[in-house]
K.L.:
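Below is one structure. I have some questions about it.
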Amino acid sequence: MSYYKIDNLEQYFKHYNKSIREPRKFWGKIASENFTWYQEWEKVMEFDMAEAKIKWFIDAKVNIVKNCIDRHLARRGTKTAIIFEPNDPNEEALHISYNELHERVSKMANVLREQGIQKGDRVCIYLPMIPELAVSVLACARIGAIHSVVFAGFSSSAVATRINDSECKMVITSDGGYRGNKTIDLKGIVDEALEKCPCVEQVLVVKRTNTAIKMMEGRDQWLQPLLDDASDNNVAEIMDAEDPLFILYTSGSTGKPKGMVHTTAGYMVYSAYTFKNVFNYEENDIFWCTADIGWITGHSYILYGPLLNGATTIIFEGVPSYPDFSRFWEIIEKHKVTQFYTAPTAIRALAKENLEFVQKYPLASLKVIGSVGEPINEEAWHWYNDHVGGKRCPVVDTWWQTETGGIMISPIPFVTPTKPTYASLPLPGIQPVLMDEKRNEIEGNQVTGSLCIKFPWPGIARTIWGDHKRYKETYFSTFPGKYFTGDGALRDEVGYYRITGRIDDVVIVSGHNLGTAPIEDAINEHPAVAESAIVGFPHDIKGNALYGFVILKESGEYRDRENLSKEINQHVSDHIGPIAKLDKIQFVTGLPKTRSGKIMRRILRKIAEGDYSNFGDISTLLNPEIVEEIKKGKL
Ligand code: WT7
């Protein structure tokens, strides 16, 4: 019997129970049967939660890229590995076969070695969503260099901080990047960043936009001539199971970004296993995850998870609104996408637009549709289910984090019955627990608490680069012996989990803990509302009161704002209770968001408090200009 694939609910429970009773046997069997190893492990795992030390597949030797590419060549050499869909719909899409990918990655790996990059060196990759990004990532992994992909929307200071923290020797970037009708000057941003980065010796530059750029003698080189001269014969590095594979920065609520370190074998097994099951992946599927490779979602579900399974994965360079709001749907139709994976913020943005944009396309190829990144509110869930999934594609609401390496709680399509706004059940190997304020585990169902995981899984990040103490303190000290996620969750009467959001998104009003997410859900159910964000602000009597920032639907009829405010509060009162009524409502045209779609509540809190003194760093916002607008609207 294989544990790699779950076919029905009975099997899910069987696998789940096995994974809890005998985790070593469970993961050992999956690892042994589905990957190629130079050498298998001595022990499947060892851990010490108190010291935050976790190891999987001890002493095993492996190369993840051999597993992503080389081992597929015999059977799938001519199969498309990557479909590149350019920003401009009139530019032809590119189909890169496994054979071609092998050749490109081998050449790139040789270029890196020739430029002096060795196993263990850190390489910063700052590229737009083009094939060279995938090739660079895989080439690093092939020679054992640790990739640190920085999302190509971050500012020069954010790039510099990340480069310096992990002391990258090299940066791979491009002359520019296309995003909708804009061209971004990536090389200029790198040049500015590198003024503060003495550790960087070399910059390789991909030509994409033909923008005129400055090349610094002795430091910068165009990549293409180096590739032209490189051999396509490359011997992959033999990696230890626990050798770092990559660093990926995630911003904490306080302090500098955390360089999460993922290691080789555990991450490989976990990203592949979760991809296979959560997306019901089958051989001829065309998988599309709309995230950027600069986020963990892109690492695990554009690159590693799909390629480890020999799948066809789409890399999309553009944005959902260019040339118009039907771009996503047009791409699904064009490439006959079978699985589509996106974020609630994109769903809400598209749901705000005219329905015709999506209705123009039958989307009949779709089989599974997924959501990730934040709680998906009920209205967005239904819109997605009805208009994208045509009510026949299971919606997989996948909960996980940069730190977890792969999906942790999610329905398994065609196996787990879905329930709107619920991520539902843990995947095999994952043991969630809810904790109360006294640090006790809350037993039973229909309860809420702080979400922890009480046993290691293969994909967990092993440390924070250069700061194991911070790793231990952040994740393993709040609830000793357990991994603390920072999220709150509710467990319903059948044991399904609903993630209610970050614990720090809780506002205490008159002594009641109010999660902002359910209040936002209630507001969003009002037919005129597109999106909302709630924050607390100091109140003489209640301690805190609630302040709501509300975006109205474009198509929504114009209404008397005062009446609308009353109606919104009536909704809140009906759904949550009068305690959750908002003291202030401000209508806005946008919300300050990070590039990964998270609302920057820190800024909204300051505006609500009337404190305009220092918003901190807003350079990582997707839409920094909105801050001024909201500020003005308040005055
Ligand atoms: C945080 C992790 C993991 C990929 C992208 C985000 C929130 C993520 C869900 C979901 C409710 C979710 C959590 C989590 N989150 N997925 N399906 N339902 N909340 O990675 O930037 O590391 O953020 O995103 O709050 O802790 P990330």
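These figures come from a predicted structure and were not determined experimentally. Order of listing sets the numbers, starting from 1, for every ligand and every atom in it.
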K.L.:
Quick one: look up the protein heavy atom nearest atom 22 (O) of ligand 1 and list residue, atom name and how far away it is.
P.N.:
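Protein heavy atom at minimum distance: T402 OG1, 2.6 Å.
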K.L.:
Atom 24 (O) of ligand 1: which protein heavy atom is closest, and how many Å away?
P.N.:
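Answer for atom 24 (O) of ligand 1: G373 O, 3.1 Å.
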K.L.:
Just verifying a value: how many Å separate T264 OG1 and D243 CG, rounded to the nearest 0.5 Å?
P.N.:
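Answer rounded to 0.5 Å: 5.5 Å.
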K.L.:
Taking the side chain as everything from C-beta on, heavy atoms only, tell me whether I464 gets closer than 4.5 Å to M260.
P.N.:
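Side chain of I464 against side chain of M260, heavy atoms only: contact under 4.5 Å found.
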K.L.:
Among protein heavy atoms, which sits nearest to atom 11 (C) of ligand 1, and what does the distance come to when rounded to 0.1 Å?
P.N.:
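Going by distance alone, atom 11 (C) of ligand 1 is nearest to P375 N, 3.1 Å.
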K.L.:
Output yes when the distance from some N or O of ligand 1 to some N or O of T485 is under 3.5 Å, and no in every other case.
P.N.:
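Between T485 and ligand 1, no N or O pair is found under 3.5 Å apart.
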K.L.:
Measuring only between side-chain heavy atoms, which start at C-beta, is W465 closer than 4.5 Å to D165?
P.N.:
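A side-chain contact under 4.5 Å exists here.
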K.L.:
For I499, take its heavy atoms, then give the atoms of ligand 1 lying under 4.0 Å from any of them.
P.N.:
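This gives 11 (C), 19 (N) as the contact atoms.
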K.L.:
Which class fits the ring pair Y475 and Y483: parallel under 30°, tilted 30 to 60°, perpendicular over 60°?
P.N.:
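Y475 and Y483: parallel rings.
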K.L.:
For atom 13 (C) of ligand 1, what's the nearest protein heavy atom and its distance?
P.N.:
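Closest protein heavy atom to atom 13 (C) of ligand 1: D487 OD2, 3.1 Å.
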K.L.:
How far is atom 5 (C) of ligand 1 from its nearest protein heavy atom, and which residue and atom is that?
P.N.:
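For atom 5 (C) of ligand 1, the nearest protein heavy atom comes out as T297 OG1, 3.4 Å.
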K.L.:
Using a 4.0 Å cutoff against the non-hydrogen atoms of D397, which atoms of ligand 1 qualify?
P.N.:
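The atoms of ligand 1 under 4.0 Å from a heavy atom of D397 are 10 (C), 17 (N), 18 (N).
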K.L.:
Would you please classify the geometry between the F275 ring and the Y281 ring as parallel, tilted or perpendicular, with 30° and 60° separating the classes?
P.N.:
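Ring orientation of Y281 relative to F275: tilted.
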K.L.:
Which atoms of ligand 1 are found less than 4.0 Å from any heavy atom of T398?
P.N.:
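Going through ligand 1 atom by atom, the ones under 4.0 Å from T398 are 9 (C), 10 (C), 16 (N), 17 (N).
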K.L.:
In terms of ring plane angle, is the pair Y270 and Y273 parallel, tilted or perpendicular, where the classes change at 30° and 60°?
P.N.:
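The rings of Y270 and Y273 sit tilted, inter-plane angle from 30° to 60°.
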K.L.:
Against the six-membered ring of F479, is K482 placed for a cation-pi contact (under 6.0 Å from the centre, within 45° of the normal)?
P.N.:
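No; the conditions do not both hold, so K482 does not lie above the ring face of F479.
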K.L.:
Counting heavy atoms not belonging to K55, are there more than 12 under 6.0 Å from its NZ?
P.N.:
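Atom NZ in K55 is not crowded, with 12 or fewer foreign heavy atoms closer than 6.0 Å.
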K.L.:
Return each pair, listed once, that meets side-chain hydrogen bond (donor to acceptor under 3.5 Å, both in side chains) where at least one residue sits in residues 152-162; pairs must be two or more places apart or across chains.
P.N.:
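Passing the test, one end in residues 152-162: S155-S157, S155-S619, S156-E192.
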K.L.:
In the protein, what heavy atom is nearest to atom 2 (C) of ligand 1, and what distance, to one decimal place, separates them?
P.N.:
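Answer, as residue, atom name and distance: W400 O, 3.6 Å.
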K.L.:
I'd like the name of whichever of K258, M408, E374 reaches closest to atom 12 (C) of ligand 1 through any heavy atom.
P.N.:
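It is E374 that holds the nearest heavy atom.
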K.L.:
Once you restrict to heavy atoms under 4.0 Å, what part of T404 touches ligand 1? Side chain, backbone, both or neither.
P.N.:
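Under 4.0 Å from ligand 1, T404 contributes no heavy atoms.
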K.L.:
Distance to 0.1 Å, residue and atom name: give those for the protein heavy atom nearest to atom 23 (O) of ligand 1.
P.N.:
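Nearest neighbour among protein heavy atoms for atom 23 (O) of ligand 1, to 0.1 Å: K598 NZ, 3.3 Å.
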